[in-house]
Amino acid sequence: MSGNKDSYYLPEPSIWPIVGSLALLFLAGGFVMKINNISMGGMTMLVGAAVLLVMLFGWFGQVIRESESGMYNKQVDRSYRLSMSWFIFSEVLFFAAFFGALFYARVLSVPWLGSSDTMEQLWPHFVAAWPGTVAPGTDQLVSGPGANMPKFSPMSAWGIPAINTLILLTSGATLTWAHWGLLKNNRTQLIVGLIVTIILALSFIGLQAFEYHHAYTELGLTLGAGIYGATFFMLTGFHGFHVMLGTTMLIVMLIRSIKGHFKPDSHFGFEGAAWYWHFVDVVWLGLFVFVYWL
């Protein structure tokens with residue numbers, strides 16, 4: 001149905017939701033087979049991933065073509081803004097669960113274990129300290145009360161994490177600068193701002209990969225390093241995944257900007273990606289303070 005300013009927009013029937021459902025079915029089924037050591041599990045997951053990519057390109061491509069052809073009205077714009085707002089809110093709750101687990105372990109569980117008579121009887125050398133218990137006769141930390149637990153050193157905040165904080169904050173500023181260029185119909189400022197933002201995003205991803213390698217090979221900090229290792233990698237790892245997703249969004253916005261998409265008064269595709277990227281920035285500030293610094 002063509003866009004009419006006075007009518008409620010109703011999209012044509014689409015096959016893409018069915019294709020997306022099949023993709024998720026193959027991914028979930030393949031994962032179940034994989035963990036049960038069924039040989040077809042890996043291949044089934046690859047098929048699901050391929051179908052999902054086809055769905056993403058097809059569905060988003062259709063939406064972009066409809067938008068550029070002028071089919072959408074203000075009602076569609078409002079619906080997209082509400083949808084993106086609820087999506088980001090769901091992401092806030094997602095990270096809140098992991099921050100809550102960190103708070104529970106650090107502020108409640110560790111002190112409680114330190115004051116427990118049972119813990120003192122089971123592990124006389126247990127010391128209730130974060131990020132782990134102190135191994136007797138060493139300045140390193142272990143992930144649990146047993147002397148046979150792997151030793152690890154916590155990640156320092158004043159190295160790569162501090163650099164990555166500066167990178168993400170700068171990327172937020174460059175993305176805002178690109179947005180200002182779009183509002184002024186300055187295509188050059190828009191494109192240059194996006195390019196710089198993407199370069200900063202890729203730098204963040206590269207530095208985090210180096211940080212993980214350093215943690216595993218030199219610090220002994222792994223997912224198996226007790227509650228500190230588990231919360232550290234779950235929080236920073238999921239954030240890193242969101243950075244990669246946000247970077248993909250920005251690359252798509254760059255390609256669309258080069259093609260001449262977006263207008264000063266109609267560019268929610270760009271705004272939605274910018275909202276998501278600023279959300280990623282805010283989450284990282286929380287990670288830097290509560291995971292790395294304090």
Side-chain angles (χ1 to χ4, degrees), residues 3 9 16 52-88 91 160 162-210 239-285 287-288:
Y9 176 79
W16 296 119
L52 183 63
L53 286 175
V54 171
M55 183 275 293
L56 290 173
F57 274 96
W59 200 346
F60 282 105
Q62 178 180 336
V63 171
I64 291 170
R65 288 189 296 272
E66 291 175 351
S67 176
E68 290 299 308
S69 65
M71 296 177 65
Y72 294 163
N73 53 24
K74 293 297 183 182
Q75 175 266 326
V76 176
D77 185 81
R78 287 194 299 271
S79 69
Y80 277 139
R81 291 176 184 276
L82 285 172
S83 299
M84 192 64 184
S85 298
W86 280 111
F87 170 67
I88 292 178
E91 294 283 65
I160 290 179
I163 297 173
N164 270 345
T165 301
L166 179 61
I167 287 174
L168 275 190
L169 291 176
T170 304
S171 72
T174 57
L175 183 58
T176 301
W177 184 69
H179 192 192
W180 289 346
L182 176 55
L183 293 175
K184 296 183 298 183
N185 203 23
N186 186 335
R187 187 68 51 171
T188 300
Q189 181 176 330
L190 168 63
I191 293 173
V192 171
L194 281 171
I195 291 174
V196 174
T197 304
I198 291 169
I199 291 173
L200 291 171
L202 293 174
S203 300
F204 177 94
I205 295 170
L207 286 173
Q208 188 171 46
F210 178 81
H239 177 268
F241 171 77
H242 284 72
V243 171
M244 289 188 284
L245 180 59
T247 304
T248 303
M249 291 182 182
L250 294 176
I251 292 173
V252 173
M253 295 305 109
L254 174 61
I255 294 172
R256 293 189 62 188
S257 299
I258 293 173
K259 288 186 173 183
H261 294 190
F262 307 127
K263 299 179 180 63
D265 60 344
S266 178
H267 54 266
F268 176 70
F270 179 93
E271 284 185 294
W275 290 1
Y276 190 83
W277 190 254
H278 292 312
F279 158 75
V280 168
D281 289 350
V282 172
V283 171
W284 176 259
L285 290 177
L287 288 175
F288 179 72

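Model, not experiment: these values are computed from the prediction.
With sequence neighbours left out, the salt bridge (Lys or Arg N to Asp or Glu O under 4.0 Å) criterion links R81 to D77, E271.
Within the model, atoms CG of L183 and CG of L190 stand 9.5 Å from one another, a figure rounded to the nearest 0.5 Å. Of the inter-residue distances, the one linking L250 atom CG with I255 atom CD1 reads 11.5 Å to the nearest 0.5 angstrom. To the nearest 0.5 Å, atoms CG (N164) and NE2 (H239) are separated by 9.0 Å. Taken from CG in L52 to CE in M55, the straight-line distance is 4.5 Å, to the nearest 0.5 Å. Taking CG from N185 and CZ from R187, the interatomic distance works out to 6.5 Å, rounded to the nearest 0.5 Å.
Panel note: side chain S67, backbone I64; no donor-acceptor pair is recorded below 3.5 Å. Side chain of H261 to main chain of S257: no donor-acceptor pair is present (N/O by atom type, distance under 3.5 Å, no hydrogens or angles). The closest donor-acceptor contact from the side chain of Q189 to the backbone of W177 lies under 3.5 Å.
T247 places a side-chain heavy atom less than 4.5 Å from the side chain of V243.
Looking at every heavy atom in both residues, H242 comes nearest to V280 through O-CG2, 4.1 Å. In plain terms, the two heavy atoms of W277 and S171 that are nearest each other are NE1-OG, 2.9 Å. What you find for G172 and T176 is that their closest heavy atoms are O-OG1, 2.9 Å. When all heavy atoms are compared, the tightest approach of G58 to R65 is O-NH2, 4.3 Å.
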- Task: Start with the C-alpha gap between V63 and W16, add the side-chain angles, then the distance that decides, and say whether side chain to side chain contact (heavy atoms under 4.5 Å, CB included) holds.
- Result: CA-CA 11 Å; V63 171; W16 296 119; over 6 Å; no

Output side-chain donor-acceptor pairs under 3.5 Å for residues 191-210, partner residues at least two apart or in another chain, one line each.
| unit_1 | atom_1 | unit_2 | atom_2 | d |
| --- | --- | --- | --- | --- |
| T197 | OG1 | T174 | OG1 | 2.7 |
| T197 | OG1 | L175 | N | 3.3 |
| T197 | OG1 | G193 | O | 2.7 |
| S203 | OG | I199 | O | 2.8 |
| Q208 | NE2 | T236 | O | 3.2 |

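A ring-centre distance under 6.0 Å is found for W275 and F268.
Aromatic ring orientation, H267 versus F270: perpendicular (interplanar angle above 60°, classes split at 30° and 60°).
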